[in-house]
2 protein chains.
Amino acid sequence: MTADPYDVLDEQCPTREVLSRIADKWAMLVILALEEKTLRFSALRTRVRGVTQKMLTQTLRGLEKDGLVARKVTPTVPVTVEYSLTPLGRSLSQAVSVIRRWTYDYMDEIKRARARFQKTKPVA
Amino acid sequence: MTADPYDVLDEQCPTREVLSRIADKWAMLVILALEEKTLRFSALRTRVRGVTQKMLTQTLRGLEKDGLVARKVTPTVPVTVEYSLTPLGRSLSQAVSVIRRWTYDYMDEIKRARARFQKTKPVA
DNA sequence: CAGAATCCTAATGGATACTG
DNA sequence: CAGTATCCATTAGGATTCTG
């Protein structure tokens with residue numbers, strides 16, 4: 001059993017910036033949306049409720065840069081742009097789904113924890 | 001098979017804000033650091049390389065609020081404060097570890113994807 | 001439709017000073 | 001030691017306008 005050559009807790013480790021990209025609210029939501037199916041820009045904007053056009057564009061460029069999302073332009077009039085997960089992106093979506101699963105499964109417990117916290121430390 | 005009562009892609013869904021808290025660079029790093037062992041504030045600051053005291057405090061308060069991290073104060077002089085994952089936090093750390101695992105496993109492929117991207121779209 | 005550009009506010013991050 | 005508080009510079013993010 002060889003130790004990992006990486007350590008994300010180390011600031012200099014290249015994995016740190018990869019984590020920074022995916023440990024991001026919009027990035028995760030986009031990945032989850034594209035996991036379902038390929039979507040056009042406008043559909044993606046609708047599916048990922050609350051994302052602004054600017055953040056969606058920015059997030060997509062980042063994911064594209066790291067090879068997680070593929071951008072396909074069809075020269076219709078007006079132009080059609082489709083976004084989909086690459087095989088690499090799909091492998092990541094598995095991991096992101098685990099996070100979502102956890103969130104769904106423990107939502108109630110988190111609510112209780114919050115209530116408990118409020119009781120212990122009333123609003124300052 | 002009952003459908004999940006939640007949908008994180010819905011802006012109004014309570015799971016959205018939970019995801020926002022954990023889909024965060026510092027939050028994930030703190031969770032990974034505490035997964036190894038209980039740590040005092042200063043040790044945590046050293047382990048999570050690059051985090052500032054301000055961001056660490058802020059991140060810990062958020063995780064504490066959602067019941068993921070426990071804060072234990074021992075009234076020594078000077079005071080000793082230990083942070084550890086709660087059982088709920090440990091269940092999450094499993095999921096976060098999956099993300100880290102993915103990052104370590106695909107780091108090389110991401111590097112190649114970046115190189116490819118650079119070739120296709122030279123710096124603007 | 002898919003975005004680029006612009007403007008403005010809020011959050012982040014660093015540095016420093018202070019306290020129980 | 002483990003913070004809180006404050007000032008300041010930089011950056012992220014939101015709202016709006018405009019275009020191929």
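These values consider heavy atoms only, across backbone and side chains, with no hydrogens, waters or symmetry-generated copies. Labels below follow one simple rule: chain letters A, B, ... track the order of the sequence lines, proteins then strands, and each chain is numbered from 1.
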Return a table of donor-acceptor pairs under 3.5 angstrom between the side chains of residues 72-79 of chain A and protein atoms on other chains or two or more places apart.
| residue | atom | partner | partner atom | Å |
| --- | --- | --- | --- | --- |
| A:T76 | OG1 | A:T74 | O | 3.4 |
| A:T76 | OG1 | A:P78 | O | 2.7 |
| A:T76 | OG1 | A:T80 | N | 3.3 |
| A:T76 | OG1 | A:T80 | OG1 | 2.8 |

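- Here the P atom of nucleotide C:dA11 and the CZ atom of B:R21 are 14 Å apart, to the nearest Å.
- If you measure from atom CD of B:E64 to atom C1' of D:dG3, you get 13 Å, rounded to the nearest angstrom.
- Atom CG of B:L39 and atom C1' of D:dC1 are 15 Å apart (whole Å).
- Checked against side-chain contact (heavy atoms from CB on, under 4.5 Å), A:T52 has the following partners two or more places apart in sequence or in another chain: A:K54, A:M55.
- Distances shown here put every side-chain N or O of A:T80 at or beyond 4.0 Å from the OP1 or OP2 atom of C:dC1.
- Applying the 4.0 Å criterion to OP1 and OP2 of C:dC1, one finds that A:Y83 has every side-chain N and O outside that range.
- Remark: A:E82 does not engage A:R71 in a salt bridge, criterion side-chain N to carboxylate O under 4.0 Å.
- Counting only residues at least two apart or in different chains, side-chain hydrogen bond (donor to acceptor under 3.5 Å, both in side chains) contacts with residues 22-35 of chain B comprise B:E35-B:S93, B:E35-B:S97, B:E35-B:R100.
- Under the rule for a ring-ring contact (aromatic ring centres under 6.0 Å, His included), the partners of B:Y106 that lie at least two apart in sequence or sit in another chain are B:W102.
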Protein-to-nucleotide contact annotation, 5' to 3' order, nucleotides 13-20 of chain D [B base; S sugar-phosphate only; - none; under 4.0 Å, heavy atom]: BBBB----

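- Under the rule for a side chain to side chain donor-acceptor pair (under 3.5 Å), B:E109 has no partner lying at least two apart in sequence or in another chain.
- For the pair B:L56 CG and D:dA2 C1', the interatomic distance rounds to 10 Å; values are reported in whole Å.
- Remark: P of C:dC1 and CG of A:L44 are 14 Å apart, rounded to the nearest angstrom.
- Residue B:R40 has no polar side-chain atom (N or O) positioned under 4.0 Å from OP1 or OP2 of D:dG3.
- The side chain of B:R71 places no N or O atom within less than 4.0 Å of a non-bridging phosphate oxygen (OP1 or OP2) of D:dA2.
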